[in-house]
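Data first, discussion second: the structure below is written as structure tokens.
In what follows, chains carry the letters A, B, and so on, assigned in the order in which the sequence lines appear, proteins first and then strands, with residues in each chain numbered from 1. Note that this is a predicted model, so its numbers are computed, not measured. The figures that follow rest on heavy atoms only: side chains count, while hydrogens, waters and symmetry mates do not.
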Amino acid sequence: MSERTDELFGKLKQGVIDFDEDGVIEAANAVVDEGIDAVEAVFNGLVPGMEHVGELYEQQEYFVPELLMCADAMYAGLEILRPHMTRKSLGVTGVVVMGVVQGDVHDIGKNIVKMMFDVAGFEVHDLGRDVPLEVFVEEQLRTDAELVCLSAMMTTTMVGMKDIIKQIKEKNPNARVMIGGAPVTEDIADKFGADGFAEDASNALKDAINMLTTLKKIKDEADSA
Amino acid sequence: MAFTPKERVLKQLAGEEIDRVPCYSGMGNVTVAGLEQLGYKFAMVHGDAEMMANLAATSYKLYGYECAVVPFDFCVEAEALGCVMNAYENVAHLLYPTIKEKAIEDEEMLDKFPIPDDLANAGRVPVVVEAIKRLKGEFGDEVPIGTYFLGPFTLGGQVYDLDKMLKYAFKKQDLISAMLDRLADVLIRVAKIYQDAGADYITVREMGSGTDLLSPRLWKALIKPHLVKIFEALKEMGIPNNLHICGETNMIIKDMNECGADSMSVELKNDVAKSREDIGTEPLIFGNLDAYKLLVVDPAEAVEGAVINALDQGVDAIWPGCDIWPEAKPENVKALVQATEKHGAAKWFRKK
């Protein structure tokens, strides 16, 4: 990698960490103008930036407002780079349906997970928040999504997830369901029949990054083989 | 001398000596058992003063839970300011109402949104007022009548986009602070309306401001000043009060204590023993039982140990850390009251 490429990837990373949208936009435009690989820029610039943000959140250096601003900076870069990601970024394709279940209007955690799916190049069908249970089931059937992600911040709404999971699995046993949100625990995920869970935005971010890193590794190994 | 629940609760909030810790709450505590007894649907009770009062009375009648609290949702003040609520009347399972239309869309309005002159008749404020009066008439000599509203920041997230609130809390702190100051003024007026209706105590629920969301620095700079203003006003009015915050609060407990409330309430995520180390034994701390798992999922036998544990940590009243989830098992709520009666003197650090 050239010094210039390194410099720009570093700027993307630091821009995300400092929630410096303008800095990220400038670096992303330079990547495009100078013909540098956009996929590399995302995975060696923006993603490591978010990864560091996740660490700062865990160390209680950053809190939710900071996380949201970093996400804005990341999206600002992604929007510029995405049209130039000519190859399937990770060599995987996937369709995801996601949303916050009815009765809950808190979508911060869901949006952070969505961001990582966007980065990975998945086709994301975001149903938004306060989504009636049957809409998840219908949307899964309509899109034939491999993965459905359900989010709830309140215990009161978490209870509704159980029915959604059951209905989705009945209609399409191959679909995988991930659940997340403050009240969700591994125990509850098991009881509800979910395939995976993340308990809060920080864990969701970490899990999503782990997922991306693993996919990237598989892709890199396949490329070099 | 035997205390009535009202004497026990109010004397404690006034700093007087009582016989044992009370078992009550400043937040929602109605159960499905109460709804079924009355033949009500949860979605129907939020706009009807008679139903609201009848339902609020059930937890004392069924379990001896030492209070009656109205309302049951988090939309009353937001509606009074022009938000539109969704009560989920057509959904089969029980849901808490949410805001479906925000009162403030335009950032320009954050520090100058309109406030109704006649707050006492805005939205469902008159419904809550009427419910308080009915409860007062029914057993106001015996049971303390509680009410609550959201703190300014949490209310801000109801009347305006929460995502933007959180970002502006950082980027445009002065603007958000001006908004919170305006909301604090509204809440002080609402408190006076509830006090005049006969409410015995008020809980200020600044739920969405714990350190799961905001940094302690931001809490101190942005949240605290407006709570100080509110509790100064409540003190001047002479209405007993509580400051409640959900989630993680150990990092801000000192600042919470400096807000000047008569008492504080915290949830399970607060290590109360650690809080006592930080702020000493004088402040009243209520809490910190699990409002969902302990009362809905766990067997009733688990409740006594949890009560003892909370008392050992140093709480002054047995409060669930949030609204009791209505599907709480009646035997668990009964066990909560009974364990408090049994251990509320012997295991209370002030009596030991």
**OP:** Can you measure from CD1 (I104(B)) to CG (L81(B)) and round to the nearest 0.5 angstrom?
**Re:** 7.5 Å

Subject >> Side chain to side chain, N172(A) and D144(A), heavy atoms closer than 4.5 Å >> reply: yes

Subject >> Heavy-atom check, side chain of D130(A) versus side chain of K100(B), under 4.5 Å >> reply: no

**OP:** Sort F19(A) into side chain, backbone, both or neither according to what part of it lies under 4.5 angstrom from a heavy atom of chain B.
**Re:** side chain

Original post:
Around atom CD of Q173(B), are there more than 12 heavy atoms of other residues, nucleotides or ligands at under 6.0 Å?
Top reply: yes

Subject >> salt_bridge(K172(B), D111(B)) N-O dist < 4.0 Å >> reply: no

Subject >> Under-4.0 Å salt bridge between D107(A) and K114(A) >> reply: no

Original post:
Between T98(B), I99(B), D323(B), which residue shows the highest count of heavy-atom pairs closer than 4.5 Å to chain A?
Top reply: T98(B)

Original post:
Where does D163(A) contact chain B at under 4.5 Å (heavy atoms): side chain, backbone, both or neither?
Top reply: neither

Original post:
Is atom NZ of K191(A) surrounded by more than 12 heavy atoms (other residues, nucleotides or ligands) closer than 6.0 Å?
Top reply: no

Original post:
Does D255(B) use its side chain to pair, donor to acceptor, with the backbone of P216(B) at less than 3.5 Å?
Top reply: no

Original post:
Any side-chain heavy atom of L222(B) sitting closer than 4.5 Å to one from L214(B)?
Top reply: no

Original post:
Does S59(B) use its side chain to pair, donor to acceptor, with the backbone of N29(B) at less than 3.5 Å?
Top reply: yes

Original post:
By a 4.5 Å heavy-atom criterion (distance strictly below it), what part of Q60(A) contacts chain B: side chain, backbone, both, or neither?
Top reply: side chain

Original post:
Just checking heavy atoms, which of residues 84-93 of chain B are less than 4.5 Å from chain A?
Top reply: N86(B), Y88(B), V91(B), H93(B)

Original post:
Could you name the residues of residues 148-170 of chain B that have a heavy atom within less than 4.5 Å of a heavy atom in chain A?
Top reply: D161(B), L162(B), D163(B), L166(B), K167(B), F170(B)

**OP:** Report the relative orientation of the aromatic rings in Y96(B) and F42(B); use parallel for angles under 30°, tilted for 30 to 60°, perpendicular for over 60°.
**Re:** perpendicular

**OP:** For S265(B) and T203(B), run side-chain contact (heavy atoms from CB on, under 4.5 Å): C-alpha distance rounded to whole Å, both residues' side-chain angles, the deciding distance at 0.1 Å, then the answer.
**Re:** CA-CA 9 Å; S265(B) 124; T203(B) 303; 5.8 Å; no

Original post:
Listed by chain and number, what are the side-chain hydrogen bond (donor to acceptor under 3.5 Å, both in side chains) partners of H226(B), not counting sequence neighbours?
Top reply: S177(B)

**OP:** For residues F122(A) and M116(A), determine if any side-chain heavy atom of one lies less than 4.5 Å from a side-chain heavy atom of the other.
**Re:** no

Original post:
How would you list, in number order, the residues of residues 68-75 of chain A that have a heavy atom less than 4.5 Å from chain B?
Top reply: L68(A), M69(A), D72(A)

Original post:
Is there a donor-acceptor pair under 3.5 Å between the side chain of D195(A) and the backbone N or O of V177(A)?
Top reply: yes

